[in-house]
Student: 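One structure is given below, represented as structure tokens, and several questions about it will come after.
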Amino acid sequence: MSMNKIVVIEWVDSVEYEDAEWKTQEEADSLKPMRIKSAGILIKEENSHITIASSVNESDPDNITYGGLLTIPSYVIVKRSDFP
């Protein structure tokens with residue numbers, strides 16, 4: 001995979017309260033999925049998912065390492081923009 005391509009992915013993520021406390025019906029009704037935008041270097045793309053990284057360390061071509069890896073399932077992607 002060419003690591004020169006930058007992608008911006010808009011995708012839908014689930015939501016939850018950060019605490020384990022009991023919630024009212026109103027609080028439960030207020031939960032809505034979030035629309036997220038993530039940008040990064042395209043690392044891998046398959047039919048089922050896409051993987052991007054915020055950083056790539058190529059100082060040793062035999063041992064490339066990645067920082068800030070994120071894999072997003074294809075079925076939650078609503079928009080994609082590619083940049084060469």
Side-chain angles (χ1 to χ4, degrees):
M1 180 69 58
S2 169
M3 285 186 270
N4 295 323
K5 185 181 283 188
I6 304 296
V7 294
V8 176
I9 306 294
E10 291 186 43
W11 55 288
V12 178
D13 197 5
S14 57
V15 176
E16 68 177 339
Y17 282 102
E18 292 180 2
D19 59 52
E21 296 178 17
W22 289 94
K23 304 297 178 201
T24 66
Q25 184 65 49
E26 183 178 338
E27 290 169 312
D29 291 343
S30 72
L31 286 176
K32 304 281 188 260
M34 296 182 292
R35 191 163 173 151
I36 306 295
K37 284 185 182 178
S38 299
I41 302 161
L42 180 61
I43 302 301
K44 184 175 185 179
E45 183 170 13
E46 296 189 4
N47 287 338
S48 62
H49 64 279
I50 188 170
T51 299
I52 60 176
S54 62
S55 302
V56 179
N57 178 357
E58 297 177 322
S59 59
D60 178 358
D62 295 327
N63 187 29
I64 297 171
T65 56
Y66 307 97
L69 284 169
L70 176 63
T71 296
I72 303 168
S74 297
Y75 62 88
V76 300
I77 296 173
V78 293
K79 186 177 179 184
R80 172 182 169 164
S81 301
D82 292 39
F83 302 92

Student: Compare every heavy atom of Gly67 with every heavy atom of Ala53, then report the nearest pair and how far apart it is.
Tutor: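 Minimum heavy-atom separation between Ala53 and Gly67: CB-O, 3.6 Å.
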Student: Hydrogens and angles aside, do Thr51 and Thr71 bring a side-chain donor and acceptor to less than 3.5 Å of each other?
Tutor: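 Indeed, the side chains of Thr51 and Thr71 share at least one donor-acceptor pair under 3.5 Å.
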Student: Start with the C-alpha distance between Leu42 and Ile6, add both sets of side-chain angles, then the distance that settles side-chain contact (heavy atoms from CB on, under 4.5 Å), and finish with yes or no.
Tutor: CA-CA 6 Å; Leu42 180 61; Ile6 304 296; over 6 Å; no
Student: Are a donor atom and an acceptor atom from the side chains of Thr24 and Glu27 found within less than 3.5 Å of each other?
Tutor: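 Yes, Glu27 and Thr24 have a side-chain donor paired with an acceptor closer than 3.5 Å.
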Student: For residues 7-16, tabulate all N or O donor-acceptor pairs below 3.5 Å that involve a side-chain atom, not counting sequence neighbours.
Tutor:
residue: Glu10; atom: OE1; partner: Arg35; partner atom: NE; Å: 3.2
residue: Glu10; atom: OE1; partner: Arg35; partner atom: NH2; Å: 3.2
residue: Trp11; atom: NE1; partner: Ser38; partner atom: OG; Å: 3.0

Student: Locate the shortest heavy-atom distance separating His49 from Ser74; write the atom from each residue and the value.
Tutor: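 Scanning both residues completely, I find the closest heavy atoms to be N-OG, 3.1 Å.
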Student: Mind checking who shares a hydrophobic cluster with Trp22, ILVMFWY linked at side-chain heavy-atom distances under 4.5 Å?
Tutor: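 Its cluster partners, ordered by chain and number, are none at all.
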Student: Would you say that Ile43 contacts Ile52 through its side chain, given a criterion of any heavy-atom pair below 4.5 Å between the two side chains?
Tutor: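 Answer no - side chains too far apart.
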Student: Could you report the tightest heavy-atom contact between Asp19 and Lys23, atom names first, then the distance?
Tutor: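 Asp19 and Lys23 have their closest heavy atoms at OD1-NZ, 2.7 Å.
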Student: Locate the shortest heavy-atom distance separating Ile77 from Ile72; write the atom from each residue and the value.
Tutor: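 Heavy atoms of Ile77 and Ile72 come nearest at CG1-CG2, 3.8 Å.
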Student: Contact between Ile64 and Asn57 at the side-chain level, heavy atoms closer than 4.5 Å - yes or no?
Tutor: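 Ile64 does not reach Asn57 side chain to side chain.
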Student: Quick one: does Ser54's side chain have a donor or acceptor within less than 3.5 Å of a partner on Gly40's backbone?
Tutor: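 No, because the side chain of Ser54 does not come within donor-acceptor range (under 3.5 Å) of the backbone of Gly40.
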Student: Could you tell me if the side chain of Leu31 sits less than 4.5 Å from the side chain of Tyr17, heavy atoms only?
Tutor: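 Yes, at least one pair of side-chain atoms sits under 4.5 Å.
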Student: Does anything in residues 74-84 pair up under salt bridge (charged side-chain N to carboxylate O under 4.0 Å, His left out), and if so which pairs, sequence neighbours excluded?
Tutor: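 Every pair satisfying salt bridge (charged side-chain N to carboxylate O under 4.0 Å, His left out) with a residue in residues 74-84: Lys5-Asp82, Glu45-Arg80, Arg80-Asp82.
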Student: Are Leu70 and Tyr75 connected into the same hydrophobic cluster when the rule is that any two of I, L, V, M, F, W, Y join if their side-chain heavy atoms are below 4.5 Å apart?
Tutor: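 Same hydrophobic cluster.
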